[in-house]
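What follows is one structure encoded as structure tokens, with my remarks underneath.
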Amino acid sequence: YCCTNTYPQTDRASSSPGALYAHKMLVEDCEFINCYGGNTGGAVYSGNSCYEYFTNCTFSGNSAYELAGAFYSAGYSGGTRIVDCTFTNNDVRLCENGGYSTGGALRGQFSLIDGCRFYGNHAYGGGGAIYSRAGATYIRNSTFIGNWSEGINWYPGGGAVYFWDGGTVSNCWFNQIYDAGVTHQFNIPEKAGARRFDQRHVRYVDNVFERCNYSIEYFLTAPKDNDSRMEDIRFERNLMLDAGYGFCEERPDVDTAAH
């Protein structure tokens with residue numbers, strides 16, 4: 001199956017995907033190329049309480065206005081699995097009036113992302129390749145090359161992978177990433193008041209980072225009287241090489257690179 005050059009929605013307010021609305025599906029050996037969605041999911045939208053399994057699929061050149069250039073998973077059940085898929089040059093367009101513009105390829109909650117390849121995906125906000133919101137997402141055995149984010153609005157950085165709360169990245173290779181290879185970060189706005197934005201149960205294990213501006217970046221800034229905190233964060237056996245070289249040398253602040 002191949003779906004190419006679809007333009008079902010040009011309205012930013014629409015949540016219709018460019019190609020497929022998935023609900024408890026097994027999808028294999030499919031191509032989604034140059035699909036344009038509305039607000040969420042350039043190619044695929046998976047709704048609440050859905051348990052999708054995508055394997056050996058290709059997502060290339062897809063785009064959405066605000067969330068997930070290729071694949072948006074809305075459910076908090078976290079049942080969606082993506083295995084042995086390739087994501088290339090997917091993009092989330094710049095949103096005006098404070099839009100999020102997150103997840104160049106993927107955004108949402110996924111139980112497993114395994115053996116996948118992410119090349120040249122882009123987001124104006126967080127997560128050039130993947131933006132994973134609350135829930136335990138497990139990313140393993142995957143490759144990230146040339147993904148980038150520009151860090152605007154509430155969600156700065158995370159050129160490849162951006163976690164909100166909970167998740168594991170294991171045995172992955174990150175190369176030529178503009179901004180951070182992996183990150184969990186948030187600047188809590190003053191208007192949030194005492195609302196908690198805890199970051200918990202994050203693991204970065206046995207990964208290789210090469211030529212990223214930051215190999216691993218993390219922070220949580222909170223206004224006065226906000227008790228948000230980080231808990232149970234672990235970095236184990238990661239190899240970090242040549243921070244600040246390559247693609248990220250195009251940053252205006254070239255002296256900030258760090259492991």
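Positions are given from 1 along the sequence.
- N207 and N238 are linked by a side-chain donor-acceptor pair at a separation below 3.5 angstrom, with hydrogens and angles left out of the test.
- Among F174, W173, F87, the single residue meeting the ring-ring contact (aromatic ring centres under 6.0 Å, His included) criterion with F118 is F87.
- Here F54 and F71 bring their ring centres to under 6.0 angstrom of each other.
- Figure legend: cation-pi geometry between R211 and Y245 absent, as NZ or CZ is not positioned both under 6.0 Å from the six-membered ring centre and within 45° of its axis.
- The salt bridge (charged side-chain N to carboxylate O under 4.0 Å, His left out) test applied to R140 returns D114, not counting sequence neighbours.
- For the atom pair CZ (R200) and CZ (R229), the distance works out to 10.5 Å, reported to the nearest 0.5 Å.
- Taking all atoms of both residues into account, the shortest heavy-atom contact from N147 to A160 is CB-CA, 4.3 Å.
- Closest heavy-atom contact between N226 and R195: ND2-O, 2.8 Å.
- Side-chain contact, R117 with T86: a donor N or O sits under 3.5 Å from an acceptor N or O.
- Using modelled atom types and a 3.5 Å distance limit, the side chains of T102 and R107 yield a donor-acceptor pair.
- Checked against Y72 for a ring-ring contact (aromatic ring centres under 6.0 Å, His included), the options Y45, Y131, F59, Y21 give a single hit: Y45.
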| query | Does the side-chain contact (heavy atoms from CB on, under 4.5 Å) test come out yes or no for R203 and D232, once each step is laid out? | reply | CA-CA 9 Å; R203 305 283 188 273; D232 189 27; 3.0 Å; yes
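- Using modelled atom types, one side-chain atom of S111 and one backbone atom of T80 make a donor-acceptor pair closer than 3.5 Å.
- In this structure, CH2 in W148 is found 12.5 Å from CD1 in I177, a value given to the nearest 0.5 Å.
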| said: As a quick check of understanding, evaluate side-chain contact (heavy atoms from CB on, under 4.5 Å) for I139 and F144, giving each step before the final call. | reply: CA-CA 11 Å; I139 303 170; F144 299 82; 4.1 Å; yes
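- In summary, the side chains of H201 and E231 do not present any donor paired with an acceptor at a separation below 3.5 Å, with no hydrogens or angles considered.
- Side chain of E28 to backbone of N56: no donor-acceptor contact under 3.5 angstrom is found.
- In this structure the side chain of Y53 reaches within 4.5 angstrom of the side chain of V83, judged on heavy atoms.
- Linking ILVMFWY residues whenever their side-chain heavy atoms come closer than 4.5 Å, directly or via other members, leaves V161 and V205 in distinct clusters.
- Between L106 and I82 there is a side-chain heavy-atom pair separated by less than 4.5 Å.
- Checking S132 against T137 by side-chain atom types alone, a donor-acceptor pair falls below 3.5 Å.
- No donor-acceptor pair closer than 3.5 Å links the side chain of Q199 to the backbone N or O of M230.
- By the 4.5 Å heavy-atom criterion applied to side chains, M25 and L20 are counted as neighbours.
- Contact of the I216 side chain with the F209 side chain is registered, since non-hydrogen atoms from C-beta on lie closer than 4.5 Å.
- Applying the 6.0 Å contact sphere to OH of Y218 captures no more than 12 heavy atoms from other residues, nucleotides or ligands.
- Of the inter-residue distances, the one linking Y178 atom OH with F247 atom CZ reads 7.5 Å to the nearest 0.5 angstrom.
- Using cut-offs of 30° and 60° for the angle between ring planes, the F235 and H184 rings count as tilted.
- The two residues S170 and Y138 come nearest to each other via the heavy atoms CB-CE1, 4.0 Å.
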| task | Take T143 and Y119, measure what side-chain contact (heavy atoms from CB on, under 4.5 Å) needs, and give me the verdict at the end. | result | CA-CA 8 Å; T143 297; Y119 306 125; 4.3 Å; yes
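- Between the side chains of N90 and N121, at least one donor N or O sits under 3.5 Å from an acceptor N or O.
- A distance of 9.5 Å separates OG1 in T168 from OH in Y204, rounded to the nearest 0.5 Å.
- A side-chain donor from one of R93 and S63 sits under 3.5 Å from a side-chain acceptor of the other.
- For F219 against N187, the heavy-atom pair with the smallest separation is CE1-OD1, 3.5 Å.
- With sequence neighbours left out, the salt bridge (charged side-chain N to carboxylate O under 4.0 Å, His left out) criterion links E190 to no other residue.
- Using a 4.5 Å heavy-atom threshold, the side chains of I188 and L220 count as touching.
- Take D91 and apply the salt bridge (charged side-chain N to carboxylate O under 4.0 Å, His left out) test, not counting sequence neighbours, and it matches no residue.
- Between atom CG of residue N39 and atom OH of residue Y65 there is a gap of 10.0 Å, rounded to the nearest 0.5 Å.
- When all heavy atoms are compared, the tightest approach of A123 to S101 is CB-O, 3.6 Å.
- Between the side chains of Q109 and S73, no donor-acceptor pair of N or O atoms lies under 3.5 Å.
- One distance of note links CZ of F163 with CD1 of I233; it measures 10.5 Å at 0.5 Å rounding.
- Closest approach of G103 to V92, counting heavy atoms only: O-CG2, 3.0 Å.
- Judged purely by atom type and a 3.5 angstrom limit, S149 has no side-chain atom pairing as donor or acceptor with the backbone of G128.
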